[in-house]
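Take a look at the structure set out below.
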Amino acid sequence: MNRHALLCRNILEQPQITQRELAQVMDISLGTANGLVKECMEKGLVEVLEDGYYQVTSAGMAFLEQYRVDGAVIIAAGFGSRFVPLTFETPKGLLEVFGERMIERQIRQLHEAGIRDITIVVGYLKEKFDYLIDKYQVNLLYNHEYSVKNTLATLYHARRLFLGRNMYLLSSDNWMRENMYHTYECGSWYSSVFQKGDTSEWCLSFNKKGKILGVTVGGRDSWVMYGPVFLRKEWSEWFFPVLEAYYSLPGTEQLYWEHVYLDLMDGTAQKRLLDNKIATLCNTPVKQFGPDMKQLDLYINRQSEHQVYEFENLEELRLFDPKYQNHSDNAALELVAEVLHVPESEICNIRCLKSGMTNNSFLFSAGGKPYICRIPGAGTELLINRRQEASVYEAVKPLNITEHVIYFNGENGYKISEYYEGARSSDAQNWMDVALCMKLLKQVHQSGIQVEHSFDIRERINFYEMLCRDHGGIPFEDYPQVKEHMNQLMDALDQRNRPKTLSHIDSVADNFLFLPDGSLRLIDWEYAGMCDPLIDVAMCSIYSYYSKDQIDRLCELYLEHTPNQEELLTIYSYVALGGFLWALWAVYKSHAGEEFGEYTLIMYRYAKKYYVEIQKLLP
């Protein structure tokens with residue numbers, strides 16, 4: 001940290017500042033401040049005016065120029081799971097605190113310091129940030145790995161913005177009471193606040209000049225890493241080649257960028273890169289990395305209490321901004337409050353249960369009882385008829401086998417149900433579990449319950465195919481041939497004219513719940529309708545990624561006998577068709593911005609493989 005530059009900056013920002021005030025703002029003794037003033041005057045950086053106040057000279061202004069801040073990068077890519085349900089609709093950085101969005105407050109504060117070159121790294125709900133380009137002339141940088149990697153990868157994608165430039169590194173969800181940004185910054189630093197008692201934050205040790213000497217994860221009564229960061233170009237020149245090399249290391253996907261700094265501090269980085277034989281990826285010789293490198297000196301920027309805030313969850317935000325106690329402007333919380341007849345402030349212990357393939361769900365407590373609220377995902381209205389789902393729940397009530405639904409809206413699909421403490425999902429590899437699940441499915445199939453709608457797999461395949469073609473196409477090279485094979489299977493099923501019963505369709509192991517009292521529940525009936533009951537056996541198989549031997553075993557468990565040829569042909573047909581259907585579904589969802597990794601490939605392989613298995617069974 002260059003103290004001469006820091007003194008010049010403070011004089012420039014406060015033209016009538018006294019030596020005593022300089023000492024206070026620089027956190028140094030009055031004697032040290034006096035000595036610095038003398039040194040700056042001797043260097044021609046500062047002069048004394050007739051009124052006794054100081055002034056930065058033209059030479060001082062030229063000296064300060066190397067410390068001018070070039071811009072800022074604001075990280076805003078993450079989901080913010082601890083702020084559900086608010087973040088199902090709005091990225092965390094766009095939440096308001098006292099009527100002002102957190103990211104806009106930071107942009108405004110940066111502008112006040114003359115910093116206009118601002119890039120926001122976006123990911124989740126990236127489109128929500130577009131208006132900031134027009135309002136504040138910021139830039140957006142998309143991080144396509146936001147959902148699977150941590151901030152190490154975020155900084156990797158933004159790395160070029162730091163090279164050769166003095167830059168702030170900020171988080172969109174920080175809130176600073178007073179503006180702590182400056183036109184000039186005189187050394188690399190990390191903001192810090194003092195936390196009393198035990199803390200899981202990253203705790204700092206530092207010397208009398210504020211240079212950080214060590215970092216430990218967790219501690220007690222400590223200054224911790226908290227809030228904004230400033231990185232001088234010399235610092236970035238050494239740091240980012242190491243971060244770039246770390247990005248290539250296996251097992252670093254969930255690391256924060258600060259992990260790289262921590263490893264550099266204790267010498268771990270040198271060993272880790274050499275052991276993985278990728279040291280040559282760094283432009284800077286790895287042998288020079290170590291805890292005593294002056295190039296990577298980072299200073300603590302101690303902030304006073306109530307200056308920097310990183311809200312950990314919605315309940316912390318409620319304590320800070322009373323608006324969120326009973327008027328969150330969030331549809332899900334307003335609905336819960338209305339249905340359960342409680343103020344929003346009594347909806348607590350909120351946590352994300354699922355940001356899922358079709359729905360978003362969160363767990364919460366109200367009146368001392370736990371509940372789940374389901375929010376249909378974006379575009380779900382094209383895929384699921386919620387009125388039909390509501391009719392299924394009503395029809396199966398006499399069986400007492402579903403979750404206890406408190407509220408269901410057949411228009412928009414919002415659902416509130418009881419949460420079963422101590423319940424567990426079925427284990428698809430535990431055949432005792434599987435046998436009980438098949439018994440429950442059979443109970444549904446043999447109940448005689450009917451609904452007015454059917455699950456027509458041909459209609460669904462053609463519908464998903466249309467959606468894919470309308471939203472980006474179908475990527476499989478052999479799709480026409482595979483589609484023809486699927487048509488053959490559907491034609492053969494039509495000729496068999498098999499009976500239809502109420503079928504669940506989504507018979508994944510996670511939808512079977514074993515309650516603490518030993519009873520079993522089957523939840524999430526959104527695809528249910530009248531269909532061949534053997535489709536549920538097939539769907540259970542492919543959702544569990546079963547092998548052929550496992551599928552055959554499942555058939556015997558459900559049928560309670562060795563399947564005959566027609567039964568085996570039927571189940572294999574539904575395995576193939578189910579795989580084909582869900583592969584198309586996943587392709588469409590990927591066009592809509594959701595990616596499911598290898599799921600698409602696995603489902604498509606079921607379609608192709610079990611068409612071949614069926615051919616082996618035919619005469």
Side-chain angles (χ1 to χ4, degrees), residues 13 68-80 82-83 86-87 90-143 146 151 154-155 157-158 161-162 165-185 188-193 224-232 236 256-258 301-314 316-317 320-321 323-324:
E13 290 180 346
R68 181 180 292 276
V69 178
D70 295 304
V73 170
I74 305 178
I75 296 174
F79 167 48
R82 288 175 292 186
F83 277 78
L86 304 185
T87 47
T90 306
K92 186 177 174 185
L94 293 182
L95 295 178
E96 290 185 357
V97 177
F98 298 120
E100 182 180 30
R101 286 180 158 176
M102 285 189 279
I103 196 169
E104 289 198 41
R105 182 180 181 85
Q106 290 200 69
I107 293 171
R108 177 176 59 77
Q109 290 174 333
L110 287 166
H111 283 186
E112 289 172 357
I115 300 158
R116 297 268 171 182
D117 188 340
I118 301 168
T119 298
I120 303 171
V121 186
V122 298
Y124 173 69
L125 293 180
K126 59 187 181 300
E127 296 82 4
K128 294 279 190 178
F129 294 92
D130 179 76
Y131 81 99
L132 295 170
I133 298 174
D134 303 303
K135 189 172 182 178
Y136 297 106
Q137 293 73 56
V138 301
N139 304 301
L140 299 187
L141 174 65
Y142 179 60
N143 170 18
Y146 76 91
T151 61
T154 303
L155 237 60
H157 293 298
L161 297 172
F162 291 86
R165 307 175 77 210
N166 299 324
M167 298 289 289
Y168 284 116
L169 173 58
L170 314 175
S171 295
S172 66
D173 54 5
N174 283 169
W175 189 91
M176 273 63 69
R177 187 177 300 277
E178 303 296 335
N179 193 344
M180 58 185 290
Y181 305 128
H182 301 277
T183 306
Y184 305 97
E185 289 287 358
S188 299
W189 52 257
Y190 204 119
S191 172
S192 179
V193 300
V224 302
M225 288 177 154
Y226 208 78
V229 180
F230 175 74
L231 305 177
R232 277 188 54 77
S236 296
Y256 296 102
W257 73 263
E258 291 93 340
N301 186 346
R302 286 178 284 187
Q303 296 296 309
S304 61
E305 190 178 7
H306 307 309
Q307 160 62 4
V308 180
Y309 290 84
E310 290 183 3
F311 303 107
E312 292 296 323
N313 49 53
L314 176 56
E316 279 193 11
L317 186 54
F320 191 72
D321 184 350
K323 164 197 167 181
Y324 287 97

Problem - Least distance between heavy atoms, Leu141 atom then His157 atom - result: CD2-O, 3.5 Å

Problem - Pairwise distance CZ(Arg232) to CZ(Phe230) - rounded to 0.5 angstrom - result: 6.5 Å

Problem - From CD (Glu185) to CG (Asp70), nearest 0.5 Å - result: 12.0 Å

Handout entry: Under 3.5 Å donor-acceptor, Ser192 side chain and Asn301 backbone
Key = no

Problem - Interatomic spacing from CG in Leu161 to CG in Leu155 - rounded to 0.5 Å - result: 9.5 Å

Handout entry: Side chain proximity check, Phe79 to Thr87, heavy atoms < 4.5 angstrom
Key = yes

Problem - Side chain to side chain, Asp117 and Arg165, heavy atoms closer than 4.5 Å - result: yes

Exercise for the section: Please lay out, stage by stage, how Thr151 and Glu258 fare under the test side-chain contact (heavy atoms from CB on, under 4.5 Å). Expected result: CA-CA 9 Å; Thr151 61; Glu258 291 93 340; 4.2 Å; yes

Practice task
Check Ser236 against Leu231 and note the closest heavy-atom contact, atom names and distance.
Solution key: OG-CB, 3.7 Å

Practice task
Kindly determine whether Tyr324 and Glu96 satisfy side-chain contact (heavy atoms from CB on, under 4.5 Å), including the steps that lead there.
Solution key: CA-CA 10 Å; Tyr324 287 97; Glu96 290 185 357; 3.9 Å; yes

Handout entry: Phe320 ring center within less than 6.0 Å of Phe98 ring center
Key = yes

Exercise for the section: Give me the one residue out of Thr119, Val121, Ile120 that meets side chain to side chain contact (heavy atoms under 4.5 Å, CB included) with Leu140. Expected result: Ile120

Practice task
Measure the shortest side-chain to side-chain distance between Val122 and Lys128 over non-hydrogen atoms and say whether it is less than 4.5 angstrom.
Solution key: no

Handout entry: Expected output: side-chain Lys92 to main-chain Arg82 donor-acceptor under 3.5 Å
Key = no

Exercise for the section: Indicate the atoms forming the closest heavy-atom contact of Ala72 with Leu170, along with that distance. Expected result: CB-CD1, 4.3 Å

Exercise for the section: For residues Val73 and Met167, report the shortest heavy-atom separation together with the two atoms involved. Expected result: CG2-CE, 3.8 Å

Practice task
Check whether any side-chain heavy atom of Met102 lies under 4.5 Å from a side-chain heavy atom of Leu95, and answer yes or no.
Solution key: yes

Problem - Donor-acceptor contact below 3.5 Å, side chain Arg101 vs main chain Leu94 - result: yes

Problem - Distance in Å, Tyr181 OH paired with Gln106 CD, rounded so as to fall on 0.5 Å steps - result: 4.0 Å

Handout entry: Heavy-atom side-chain contact between Thr154 and Trp257 under 4.5 Å
Key = no

Exercise for the section: Check for a donor-acceptor pair, side chain of Glu310 on one end and backbone N or O of Gly227 on the other, with a separation under 3.5 Å. Expected result: yes

Problem - Short side-chain donor-acceptor distance under 3.5 Å, Tyr309 and Arg177 - result: yes

Practice task
Taking all non-hydrogen atoms of both residues into account, name the closest pair between Tyr168 and Leu110 and its distance.
Solution key: CD1-CD2, 3.9 Å

Handout entry: Atom pair CE (Met180) and OG (Ser191), whose distance is rounded to the nearest 0.5 Å
Key = 4.0 Å

Exercise for the section: Would you kindly say whether Tyr226 and Gln303 are connected by a side-chain donor-acceptor distance under 3.5 Å? Expected result: no

Handout entry: Charged N-O contact under 4.0 Å between Arg108 and Glu104
Key = no

Handout entry: Asn143 (side chain) donor-acceptor with Gly123 (main chain) under 3.5 angstrom
Key = no

Completion exercise
Value for CG (Leu169) from OH (Tyr190), rounded to nearest 0.5 Å, stands at 7.5 Å

Problem - Distance-minimising heavy-atom pair for Phe129 and Ile103 - result: CE2-CD1, 4.1 Å

